[in-house]
Protein chains: 2
Amino acid sequence: MKNRLKVLRAERNWTQMDLARALDVSRQTVNAIETGKFDPSLPLAFKAARVFGLAIEQIFDDEQG
Amino acid sequence: MKNRLKVLRAERNWTQMDLARALDVSRQTVNAIETGKFDPSLPLAFKAARVFGLAIEQIFDDEQG
DNA sequence: CTCTCATGTCAAGTACGCTTTACTTTTAAC
DNA sequence: GTTAAAAGTAAAGCGTACTTGACATGAGAG
């Protein structure tokens, strides 16, 4: 599962820590998701969508799973 | 996390088993998600969206998590 | 060069997503 | 009221999402 978190962060000049606080998760969780170590839970994906004002599909790419 | 799986199934006259096969998970998993025991993973939510031809947000409702 | 901040990564622990097997309850047909 | 399919539920087990704490690297500022 690919995602655009790093780009969306960069557009806003946010650190991983900033995003972690916005999503209410740890910095390591943001890092792990950005670097593809694991997929976020559905509730966390919804939170990210809310934070960035986008649809889940506009942030995460299931690349035919 | 609420969802419209039961309704979408009913519209198609699908059993939980039918949906389970379409999603490639067990019938118990479909049942547990429908009855709110737990949320699907993000990849499974994407699969459901593909199966029903809808956006994730049109199937699952995060009710302000 | 040193200090700091952002990022990456590892380890151990907790909780949840999903499995299989199996049993009970509901629904509908006859 | 018996039968059968559909739905609900439970327990044990495995993998993963996420945590805290810690340490290593790279880049920019002084």
Side-chain angles (χ1 to χ4, degrees):
Chain A
M1 176 98 52
K2 289 176 186 167
N3 68 75
R4 303 205 307 126
L5 292 183
K6 198 165 181 169
V7 171
L8 294 168
R9 259 195 322 112
E11 286 174 3
R12 287 158 180 76
N13 244 318
W14 284 1
T15 66
Q16 290 184 343
M17 193 61 202
D18 291 333
L19 178 54
R21 285 198 195 96
L23 295 176
D24 204 39
V25 294
S26 68
R27 180 184 68 83
Q28 286 84 343
T29 291
V30 169
N31 185 79
I33 293 171
E34 282 193 1
T35 59
K37 296 243 171 67
F38 53 69
D39 299 327
S41 66
L42 184 55
L44 184 50
F46 266 101
K47 257 187 187 175
R50 243 180 283 123
V51 163
F52 291 116
L54 296 170
I56 289 177
E57 288 86 349
Q58 294 177 306
I59 302 179
F60 300 96
D61 178 17
D62 194 30
E63 61 209 22
Q64 170 75 322
Chain B
M1 176 96 53
K2 289 175 186 168
N3 68 74
R4 302 206 305 126
L5 292 183
K6 198 165 183 171
V7 172
L8 294 168
R9 262 197 316 114
E11 286 175 3
R12 288 158 180 76
N13 243 319
W14 284 0
T15 66
Q16 290 184 342
M17 193 61 202
D18 291 333
L19 178 53
R21 285 199 195 95
L23 296 176
D24 204 40
V25 295
S26 68
R27 181 184 67 82
Q28 285 80 348
T29 291
V30 169
N31 185 79
I33 293 171
E34 283 193 1
T35 58
K37 297 242 172 66
F38 54 69
D39 299 327
S41 66
L42 184 54
L44 183 50
F46 265 100
K47 257 188 187 173
R50 242 179 284 123
V51 163
F52 290 116
L54 296 170
I56 290 177
E57 287 88 346
Q58 293 177 307
I59 301 178
F60 301 96
D61 177 18
D62 194 30
E63 61 209 25
Q64 171 76 324

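Numbers restart at 1 for each chain; the letters A, B, ... are given by sequence-line order, proteins then strands. Computed from a prediction, not measured in an experiment: that's the story for all the values here.
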Original post:
What is the distance, rounded to the nearest whole Å, between atom CG of D39(A) and atom P of dC18(D)?
Top reply: 9 Å
Original post:
Does K6(B) have a side-chain nitrogen or oxygen under 4.0 Å from the phosphate oxygens OP1 or OP2 of dG8(D)?
Top reply: yes
Subject >> Between P of dA7(D) and CG of N13(B), the distance in whole Å >> reply: 10 Å
**OP:** Taking only the side-chain heavy atoms of Q28(A) (C-beta and beyond), determine which of dA22(D), dA17(D), dA10(D) contains the nearest atom.
**Re:** dA22(D)
Subject >> Atom-to-atom span, CZ of R27(A) to P of dT19(D) - whole angstrom >> reply: 12 Å
Subject >> Along DNA chain D (nearest heavy atom to each residue), the more 5'-positioned of T29(A) and N31(B) >> reply: N31(B)
**OP:** Would you kindly compare S41(B) and A32(B) by the position of their nearest DNA chain D nucleotide and give the one closer to the 5′ end?
**Re:** A32(B)
Original post:
Touch check for S26(B), heavy atoms < 4.0 angstrom, all strands: base, sugar-phosphate only, or nothing?
Top reply: base
**OP:** Could you check how far CD1 of I33(A) sits from P of dA17(D), rounded to whole Å?
**Re:** 9 Å
Original post:
Is any NZ, NE, NH1 or NH2 atom of the basic residue among D18(A) and R12(A) found under 4.0 Å from an Asp or Glu carboxylate oxygen of the other?
Top reply: no
**OP:** Please answer whether the main-chain N or O of P43(A) pairs with a side-chain N or O of D39(B) as donor and acceptor at a distance below 3.5 Å.
**Re:** no
Original post:
Expressed in angstrom and rounded to an integer, what is the separation of M17(A) atom CE from dT20(D) atom C1'?
Top reply: 12 Å
**OP:** Decide whether L54(B) and L19(B) are clustered together by the hydrophobic rule: side chain heavy atoms of Ile, Leu, Val, Met, Phe, Trp, Tyr closer than 4.5 Å, transitively.
**Re:** yes
**OP:** Look only at the side chain of R27(A) and the backbone of M17(A), and say whether a donor-acceptor pair between them is shorter than 3.5 Å.
**Re:** no
Original post:
Going 5' to 3' along DNA chain C, which nucleotides are the first and last within contact of chain B (any atom under 4.0 Å from a heavy atom)?
Top reply: dG17(C) to dA22(C)
Original post:
How many Å lie between CZ on R21(A) and P on dT19(D), as a whole number?
Top reply: 14 Å
Original post:
Can you name the closest pair of heavy atoms from A49(B) and I59(B) and give their distance?
Top reply: CA-CD1, 3.6 Å
Original post:
Taking CZ from F38(A) and C1' from dC18(D), how many angstroms apart are they, rounded to a whole number?
Top reply: 6 Å
Original post:
Using a cut-off of 4.0 Å on non-hydrogen atoms, how would the nucleic acid contact of T15(A) be classed: base, sugar-phosphate, or nothing?
Top reply: sugar-phosphate
Original post:
Please give, in whole Å, the distance from dG15(D) C1' to L44(B) CG?
Top reply: 15 Å
Original post:
Which one of K6(A), K37(A), Q16(A) satisfies the side-chain hydrogen bond (donor to acceptor under 3.5 Å, both in side chains) criterion with N31(A)?
Top reply: Q16(A)
Original post:
Any idea which heavy atoms bring I56(A) and A45(A) closest together, and the distance?
Top reply: CG1-O, 3.9 Å
